[in-house]
Amino acid sequence: MSASDHAHPEPVLRDHTSVRPWRAIQRRVSRKIRVGRVEVGGDAPITVQSMTNTLTADAAATLEQIRQLEEAGADIVRVSCPDADSTAAFRTIAREAQVPLVADIHFHYKRGVEAAKAGAACLRINPGNIGSPDRVREVIAAARDNGCSMRIGVNAGSLERDLLEKYGEPCPDAMVESALRHANILRDHDFHEFKISVKASDVFMTVAAYQQLAEAIDCPLHLGITEAGALRTGTVKSAIGMGAMLWAGIGDTIRVSLAADPVEEIKVGFDLLKSLGLRHRGVNIIACPSCARQGFKVIETVEALEARLAHISTPMSLSIIGCVVNGPGEALMTDLGFTGGGAGSGMVYVAGRQDHKIDNAHMVDHIVGLVEARAAEIDAAAAALEAAE
C-alpha cells in the first residue's frame with residue numbers, strides 16, 4: 001500500500017455474510033509472519049505484491065518504479081538481486097522505499113547475506129539451492145540478525161533434478177516435496193519466519209500443488225500463476241487459478257505475474273480481491289456492456305472514469321448503467337450511481353436513491369466530483385473513529 005494508505009487504514013466495512021452466507025469465505029488457518037511492517041498470514045489482510053523489472057543496479061530507475069507501484073497500492077515489492085552491484089544499490093533503494101522490499105536471490109548465498117544487511121524485509125530464496133550447510137547457516141543467520149523473513153519460491157520450471165527423475169515431469173507432488181524439503185532446512189535451524197509459493201504456468205498444476213501444500217504445512221502461502229502471459233491472457237489465467245484458491249480460503253499474499261507494466265499487476269491483484277470481498281481499495285465500477293438502449297456512450301464514459309478515479313484509494317462502489325432496465329436496481333446496491341435516460345441526461349443516485357439529474361455532457365466531471373467528496377467524507381469519519389479509539 002502507499003504511504004497514504006499506511007496513514008489511513010482501510011475502513012472496517014459491514015459484514016453481510018450473516019445474512020448472505022453464500023458470500024462467506026473461510027480462510028485457511030495459517031501462522032502469521034512479518035515482511036517489514038506488513039503482516040502476512042493469520043488474520044492479516046491478503047497483501048498484493050509486484051516486482052520491479054528495471055536494472056536493480058540503477059537505483060534511481062528502480063526507485064521510480066517502486067514509487068509507481070506504491071501509488072497503485074502495492075503492499076510489498078520484490079527486487080531482483082543477481083549480482084554484487086544490485087545488492088550495493090539495494091541499500092539505497094530499501095532506505096528510500098515506502099513499502100517493504102523482498103530481495104530475489106537465486107543460488108548465490110552472498111547475495112542473500114548482502115541483501116539482508118542492506119535492508120531487505122524478506123529474502124526470496126530456496127535454501128537447498130545455495131550450497132553447503134555452512135552457507136545455508138550463514139544466510140539464515142543474516143536473515144535472523146536483520147529481522148528478515150524468507151519466501152521459499154518453488155517453480156515448476158526449475159525443480160531439482162532428483163525430483164524430476166523421481167516423478168518423470170513437473171507435477172504437484174514434486175513441487176510440494178520440493179517446498180517441504182526447503183522448509184525443513186529452515187525449521188531445522190529453528191527459523192520459522194517464512195512463507196511458501198509453488199507456482200507453475202499451468203493453472204491445473206498450480207491449484208493442485210497449493211491445495212496439497214495447504215494441508216501439509218501451516219505457514220503463509222504466496223499465490224501466483226507464474227509466467228501467466230500478457231495483460232489480457234495473463235489476467236484471465238490468474239483470475240481462474242488464483243480466484244479458485246482464494247475462493248477456497250487459500251492464500252495470504254498474491255502476485256499477478258504479467259508480461260506488462262508491473263503497475264497493472266497491482267491493479268489486477270486488487271480487482272481479484274475486490275471481486276471476492278477480500279480487500280476493499282478504490283472505486284469498484286459496476287458497468288453494463290452497453291447496447292442500443294444506452295442513453296449515453298457507456299464504454300467511453302467508464303474508460304474516462306477509471307482514469308479519472310485511479311487516485312482514489314477509499315473503498316467505494318459506483319454503478320454506471322446505460323438505461324433504466326437494470327440501472328435503478330444496480331444503483332440500489334452502490335454508493336453512487338448514474339443511469340442513462342432520455343433527452344441527453346440521466347439520473348444520479350446517492351446511497352441507492354434517486355437524487356438529481358445531470359446532462360450527459362457534464363456527467364463525468366460531475367461524478368468525479370461526487371466520488372471525491374464522498375471519499376473525503378469516508379476518510380474523515382475513519383480518522384475520527386481512529387482518534388476516538
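Side chains are part of it too, since the values below use all heavy atoms of this structure and drop only hydrogens, waters and symmetry mates.
- For L159 against S178, the heavy-atom pair with the smallest separation is CD2-CB, 4.0 Å.
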Item to check | Stepwise salt bridge (Lys or Arg N to Asp or Glu O under 4.0 Å) test for R28 and D218 | outcome: CA-CA 9 Å; R28 161 184 169 269; D218 70 344; over 6 Å; no
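- L69 is not listed as a side-chain neighbour of V99, based on a closest heavy-atom distance of 4.5 Å or more.
- At least one donor-acceptor pair closer than 3.5 Å links the side chain of S238 to the backbone N or O of G234.
- More than 12 heavy atoms of other residues, nucleotides or ligands sit less than 6.0 Å from atom CD of E300.
- Scored by the side chain to side chain donor-acceptor pair (under 3.5 Å) test, R95 finds no partners at all (sequence neighbours excluded).
- The line from OG1 of T314 to CZ of R374 is 10.0 Å long, rounded to the nearest 0.5 Å.
- No donor-acceptor distance shorter than 3.5 angstrom exists from the side chain of E265 to the backbone of S50, with no hydrogens or angles considered.
- For the pair D162 and R181, the tightest heavy-atom approach, listed with the atom from each and the gap, is OD2-NH2, 2.8 Å.
- No side-chain donor-acceptor contact under 3.5 Å links D261 to the backbone of E264.
- Contact annotation: the side chain of H189 never approaches that of N184 to less than 4.5 Å [non-hydrogen atoms, C-beta and beyond].
- Between A183 and I196, the shortest heavy-atom contact is CB-CD1, 4.1 Å.
- Panel note: side chain H362, backbone I358; no donor-acceptor pair is recorded below 3.5 Å.
- The closest donor-acceptor contact from the side chain of E70 to the backbone of A97 lies at 3.5 Å or more, if one exists at all.
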For residues 328-344, which side-chain N or O atoms pair as donor and acceptor with protein atoms under 3.5 Å away, sequence neighbours left out?
| unit_1 | atom_1 | unit_2 | atom_2 | d |
| --- | --- | --- | --- | --- |
| T334 | OG1 | S319 | OG | 3.1 |
| T334 | OG1 | A331 | O | 3.4 |
| T334 | OG1 | L336 | O | 3.1 |
| D335 | OD2 | S317 | N | 2.8 |
| D335 | OD2 | S317 | OG | 3.2 |

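- For I125 against V139, the heavy-atom pair with the smallest separation is CD1-CG1, 4.0 Å.
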Checklist entry - Can T47 and I254 be said to form a side chain to side chain contact (heavy atoms under 4.5 Å, CB included), step by step? => result CA-CA 6 Å; T47 53; I254 67 172; over 6 Å; no
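- Donor-acceptor pairing under 3.5 Å is lacking for the side chains of D75 and Q49.
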N/O donor-acceptor pairs under 3.5 Å from side chains in residues 106-122, not counting sequence neighbours:
| unit_1 | atom_1 | unit_2 | atom_2 | d |
| --- | --- | --- | --- | --- |
| H106 | NE2 | D104 | OD2 | 3.1 |
| H106 | NE2 | R124 | NH1 | 3.3 |
| H108 | ND1 | K110 | N | 3.3 |
| R111 | NE | E114 | OE1 | 2.8 |
| R111 | NH2 | E114 | OE1 | 3.3 |
| R111 | NH2 | E114 | OE2 | 2.9 |
| E114 | OE1 | T87 | OG1 | 2.6 |

Checklist entry - After noting the C-alpha distance and the side-chain angles of I286 and L318, does the key distance pass the side chain to side chain contact (heavy atoms under 4.5 Å, CB included) rule? => result CA-CA 6 Å; I286 296 164; L318 169 66; over 6 Å; no
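- Scored by the ring pair (Phe, Tyr, Trp, His ring centres under 6.0 Å) test, H192 finds no partners at all (sequence neighbours excluded).
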Checklist entry - How far apart are the C-alpha atoms of V102 and L123, what are their side-chain angles, what is the distance that settles it, and do they pass the side chain to side chain contact (heavy atoms under 4.5 Å, CB included) test? => result CA-CA 6 Å; V102 178; L123 301 179; over 6 Å; no
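- Judged as a salt bridge (charged side-chain N to carboxylate O under 4.0 Å, His left out), and not counting sequence neighbours, the contacts of D134 are R137.
- Side chain of T56 to backbone of S80: a donor-acceptor contact under 3.5 angstrom is found.
- Considering only heavy atoms from C-beta on, K199 comes within 4.5 Å of R255 through its side chain.
- A cation-pi arrangement is found for R31 relative to F194, the charged atom lying closer than 6.0 Å to the ring centre and inside a 45° cone about the ring normal.
- Among all heavy-atom pairs drawn from T52 and Q65, the shortest one is CA-OE1, 3.0 Å.
- Side-chain contacts under 4.5 Å among hydrophobic residues (ILVMFWY), followed directly or transitively, place Y349 together with M347.
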Next on the checklist: Determine whether V371 and M316 satisfy the following criterion, side chain to side chain contact (heavy atoms under 4.5 Å, CB included), listing intermediate values before the conclusion.
Outcome noted: CA-CA 8 Å; V371 170; M316 197 181 316; 3.9 Å; yes
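- Heavy atoms only, all atoms of each residue included: G346 and N360 are closest at N-OD1, 3.9 Å.
- Of the possible donor and acceptor atoms, none in the side chain of N126 sits under 3.5 Å from a partner among the backbone N and O of H182.
- E372 and H311 are linked by a side-chain donor-acceptor pair at a separation below 3.5 angstrom, with hydrogens and angles left out of the test.
- How far CD1 of I240 is from CZ of F204: 8.5 Å, rounded to the nearest 0.5 Å.
- Between the CD1 atom in I33 and the OG1 atom in T253 there is a gap of 9.0 Å [rounded to 0.5 Å].
- Of the inter-residue distances, the one linking S197 atom OG with M175 atom CE reads 8.0 Å to the nearest 0.5 angstrom.
- By the 4.5 Å heavy-atom criterion applied to side chains, V207 and I250 are not counted as neighbours.
- Atoms CZ and CD, on R151 and E193 in that order, are 16.0 Å from each other to the nearest 0.5 Å.
- Within a 6.0 Å radius of CZ in R293, no more than 12 heavy atoms belonging to other residues, nucleotides or ligands are found.
- N155 places no side-chain N or O within donor-acceptor distance of the main-chain N or O of S158, the cut-off being under 3.5 Å.
- The CD1 atom of I93 sits 5.5 Å away from atom CG of L63, with the distance rounded to the nearest 0.5 Å.
- The closest side-chain heavy-atom distance from M242 to I225 is below 4.5 Å.
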Item to check | Steps toward salt bridge (Lys or Arg N to Asp or Glu O under 4.0 Å) verdict (R67, E96) | outcome: CA-CA 10 Å; R67 291 193 177 99; E96 297 190 27; 3.4 Å; yes
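- Between the side chain of T62 and the main chain of L55, a donor-acceptor pair closer than 3.5 Å is present.
- Listed for the N146 side chain is no donor-acceptor partner under 3.5 Å among the backbone atoms of C148.
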Next on the checklist: Working note: D252 + K32, criterion salt bridge (Lys or Arg N to Asp or Glu O under 4.0 Å); need CA distance, chi angles, decisive distance, verdict.
Outcome noted: CA-CA 9 Å; D252 302 287; K32 184 184 294 184; over 6 Å; no
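- Linking ILVMFWY residues whenever their side-chain heavy atoms come closer than 4.5 Å, directly or via other members, leaves I321 and L370 in distinct clusters.
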